[in-house]
Amino acid sequence: MSTNIASSAEKRDAAAAVPDKQGRFGSFGGRYVPETLVYALDQLEAEYAKACADPAFKAELEDLLKHFVGRPSPFYHAKRLSEQVGGAQIWLKREDLNHTGAHKINNTIGQALLTLRMGKTRVIAETGAGQHGVATATACAHFGLPCVVYMGEEDIRRQAPNVFSMKLLGAEVRPVTSGSRTLRDAVNEAMRDWMSSVGDTHYILGSVVGPHPFPQIVRDFQSVIGRETIEQSIERIGRLPNMAVACVGGGSNAAGMFYPFVEHKDVELVGVEAGGRSNDPGQHAAPLTYGKPGVLHGSFSYVMQDEDGQTSDVHSMSAGLDYPGVGPEHSYWKDAGRVRYTSCRDDEAMRAFDALAMTEGIMPALESSHAIAKGMELAKGRAKDDVIVVCLSGRGDKDASEIARIKGVKFG
Amino acid sequence: MSSIDQLFAKLRSENRKALMPFITAGDPDVAFTSAVLQELVKRGAHMCEVGIPYSDPIADGPVIQASYTRALEKKIKLCDILTMLGETTPKLAAPAVTMVSYAIVYRHGVEKYCDDVRAAGVAGLIVPDLPVEESPQLLKICSARELSLIQLVTPLTPRERAIRICETSTGFVYYVSVAGITGERTQLPPELAENVAWLRQQTKLPICIGFGVSQPEHVRLLAPAADGLIVGSAIVRRIATAAERPREEVLKEVGDYVETLIKSLP
């Protein structure tokens with residue numbers, strides 16, 4: 001399975017040749033950061049360019065993805081789910097079967113390798129649901145790098161098992177008590193750490209957000225999802241799918257799925273944001289659907305803000321989608337009309353979770369359940385030989401206690 | 001010539017240095033912010049930096065960040081701050097600049113923000129999350145309005161880049177003393193004075209040092225190397241007590257503190 005970053009970069013057509021040298025995806029992206037961080041970002045950009053041109057780097061990454069992560073991840077025809085929906089065939093890209101149970105590891109392994117190349121000896125990361133934190137702690141344990149994970153106090157409470165896992169893997173989890181005490185504050189705190197530690201520390205950002213070059217680097221490392229999907233589609237169904245669907249918080253699994261498909265204009269791409277409880281302000285986390293372009297966390301992109309530019313509170317039952325911003329490339333794809341963005345409410349995602357668990361014996365993460373729900377909706381009534389691929393970005397075990405709470409079930 | 005240019009021209013001709021306090025607008029309310037600004041200028045502050053509260057200030061340490069959170073919890077709005085500044089700046093015998101995130105400037109409208117602060121008597125802008133590559137548009141808009149756009153240089157800025165930043169900065173250059181966030185520090189890096197001395201040879205613009213400056217000893221040590229010093233967290237920390245203490249008492253304490261620093265200038 002190909003993980004060839006540089007050659008895929010060469011193959012980009014004009015529409016896909018983003019970002020430019022300023023880190024712009026059209027008008028989105030860029031670098032809105034304190035001067036102190038510019039040095040670290042320049043260093044990262046230069047090292048990444050060197051790594052892309054280095055066959056040894058690509059070989060090492062490919063080897064780790066195969067033998068440590070367990071790639072390629074399966075491409076699975078969810079026959080019983082498709083039958084129940086009644087319409088197009090639903091196929092699942094099984095990122096939930098990766099080591100650590102989600103797509104996040106594709107990026108953390110790549111960035112850990114970059115950390116070593118830059119000669120840096122310490123890693124920091126932010127995490128919301130804890131999936132990126134666990135994936136970073138895992139990569140750091142693998143390479144023997146000390147790792148500090150910033151996590152909002154509120155998320156620590158909601159995601160206790162992942163916090164424990166990170167500690168078992170040798171990472172230090174630092175509670176963030178400022179602001180809303182969730183993912184967005186964890187990003188702020190990691191940035192603050194990095195301001196004082198850029199000399200010896202790399203910040204492994206977990207999504208396609210933040211200042212250039214992070215949105216590009218994370219997208220490239222996650223693009224293995226879309227590349228494998230293309231190869232597997234051709235192998236299994238003899239053609240490309242009609243549609244690919246993925247959930248969008250910051251948007252890393254979606255960017256990884258969509259990017260290789262961008263040039264295949266006949267494949268419809270659908271991004272699903274967290275519709276939360278309703279479309280009232282503060283009740284959802286859907287900046288591409290309800291937000292406006294603005295600046296957050298070093299990047300210009302769609303964001304949920306008030307009229308003064310203060311970041312709004314958002315809500316999703318899924319901690320990984322509970323984020324007021326989104327990667328700049330998604331904003332670019334939205335405005336270019338290449339990807340259609342829509343949203344899915346908490347209750348719809350919950351029903352999709354139940355449906356997939358009962359028909360296929362697969363418990364999806366609550367994040368991925370949003371994509372499943374939209375995939376089911378879009379499959380309904382379509383021709384039986386149409387194929388919809390849904391990115392099953394993570395497994396649902398981590399959400400068991402949250403789901404019990406939502407369903408009103410008490411243990412013991 | 002902006003009022004900041006005039007200030008430094010005068011100070012340089014008299015071989016004097018500037019002290020610039022930073023305070024957060026709206027902590028605990030805009031009325032007190034106005035009172036503090038007037039008190040500090042009365043005590044001899046040469047310029048004031050007014051922080052516009054922002055929900056996600058990544059360059060700020062815990063003290064300033066907490067002051068932003070307190071102000072925002074009380075639903076402070078940009079329009080209230082602008083009104084307060086419009087009423088206060090005519091009473092100040094010193095220029096005021098706003099320290100503001102680009103997130104706020106962009107959402108308000110870049111031209112509108114500049115028009116509105118100009119109308120409120122503000123002399124310049126510090127936009128800590130707008131590095132030189134992203135700033136040409138704002139610089140043009142500021143220049144057309146005689147607003148200074150103060151750029152930052154840090155110990156990690158490569159020298160060529162530092163020169164480029166100085167070329168686009170107006171008013172003065174803000175030299176960040178340490179690679180890190182705002183906040184009081186007992187010790188400042190030993191190479192600081194040397195770095196600033198190098199920078200002073202590269203530009204005619206005044207250079208002011210900020211981040212970590214809080215003690216009279218810092219002022220005595222650093223002032224000769226620069227044109228001015230900026231003090232933030234040490235003041236904001238004192239103002240933080242204004243919610244539960246008599247305001248006159250806090251005002252006097254902050255005034256006394258700033259006066260001590262000013263007396264330590266050469």
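Note on naming: letters A, B, ... go to the chains in the order of the sequence lines (proteins, then strands), and numbering restarts at 1 for each one.
- Side chain of A/Arg192 to backbone of B/Pro62: no donor-acceptor contact under 3.5 angstrom is found.
- Among B/His108, B/Glu73, B/Lys77, the residue making the largest number of heavy-atom pairs under 4.5 Å with chain A is B/Lys77.
- With a threshold of 4.5 angstrom between heavy atoms, A/Asp306 approaches chain B through its backbone and through its side chain.
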Are B/Leu130 and A/Tyr32 close enough, and set up right, to give a side-chain contact (heavy atoms from CB on, under 4.5 Å), and what steps lead you there?
CA-CA 5 Å; B/Leu130 196 72; A/Tyr32 297 89; 3.6 Å; yes
Working note: A/Glu189 + B/Ile58, criterion side-chain contact (heavy atoms from CB on, under 4.5 Å); need CA distance, chi angles, decisive distance, verdict.
CA-CA 7 Å; A/Glu189 218 46 51; B/Ile58 52 179; over 6 Å; no
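- Annotation for B/Leu152 and A/Glu35: closest pair O-CG, 3.6 Å, computed over non-hydrogen atoms.
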Determine whether A/Val198 and B/Leu156 satisfy the following criterion, side-chain contact (heavy atoms from CB on, under 4.5 Å), listing intermediate values before the conclusion.
CA-CA 9 Å; A/Val198 287; B/Leu156 292 175; 3.0 Å; yes
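- For B/Gln187, the CD atom is loosely surrounded, since the number of other residues' heavy atoms within 6.0 Å does not exceed 12.
- Interface remark: B/Pro131 contributes backbone and side-chain atoms alike to the contact with chain A (heavy atom separation under 4.5 Å).
- Nearest heavy atom pair, residue A/Gln310 against residue B/Ser55, reads OE1-N, 2.8 Å.
- By the 6.0 Å contact criterion, CD on A/Glu172 is enclosed, its count of non-hydrogen atoms from other residues, nucleotides or ligands being greater than 12.
- Shown here for A/Gly309 and B/Tyr54, the closest heavy-atom pair between the two residues is O-CE1, 3.6 Å.
- In summary, B/Glu133 and A/Lys21 do not engage in a salt bridge, as defined by a charged side-chain N under 4.0 Å from a carboxylate O.
- If you take CG on A/Leu296 and CG on B/Asp129, they are separated by 10.5 Å, rounding to the nearest 0.5 Å.
- Heavy atoms only, all atoms of each residue included: B/Arg107 and A/Glu307 are closest at CG-O, 3.1 Å.
- Annotation: B/Glu191, atom CD; neighbour count of heavy atoms from other residues, nucleotides and ligands within 6.0 Å is above 12.
- In this structure, A/Asp308 and B/Leu78 have side chains that are in contact, with non-hydrogen atoms separated by less than 4.5 Å.
- No other option in B/Asp60, B/Val127, B/Val105 has as many heavy-atom pairs under 4.5 Å with chain A as B/Asp60.
- Shown here for B/Asp56 and A/Arg184, the closest heavy-atom pair between the two residues is OD2-NE, 2.8 Å.
- Neither the backbone nor the side chain of B/Ile52 comes within less than 4.5 Å of any heavy atom of chain A.
- Ranking A/Val303, A/Val38, A/Leu37 against chain B, the residue ahead of the rest is A/Val38, based on heavy-atom pairs under 4.5 Å.
- Nearest approach of B/Gly180 to A/Ser196, heavy atoms of both residues: CA-OG, 3.5 Å.
- Contacts between B/Pro155 and chain A at a heavy-atom distance below 4.5 Å are absent for every atom of the residue.
- A perpendicular orientation is assigned to the rings of B/Tyr106 and A/Phe300, their planes being inclined by more than 60° (bins at 30° and 60°).
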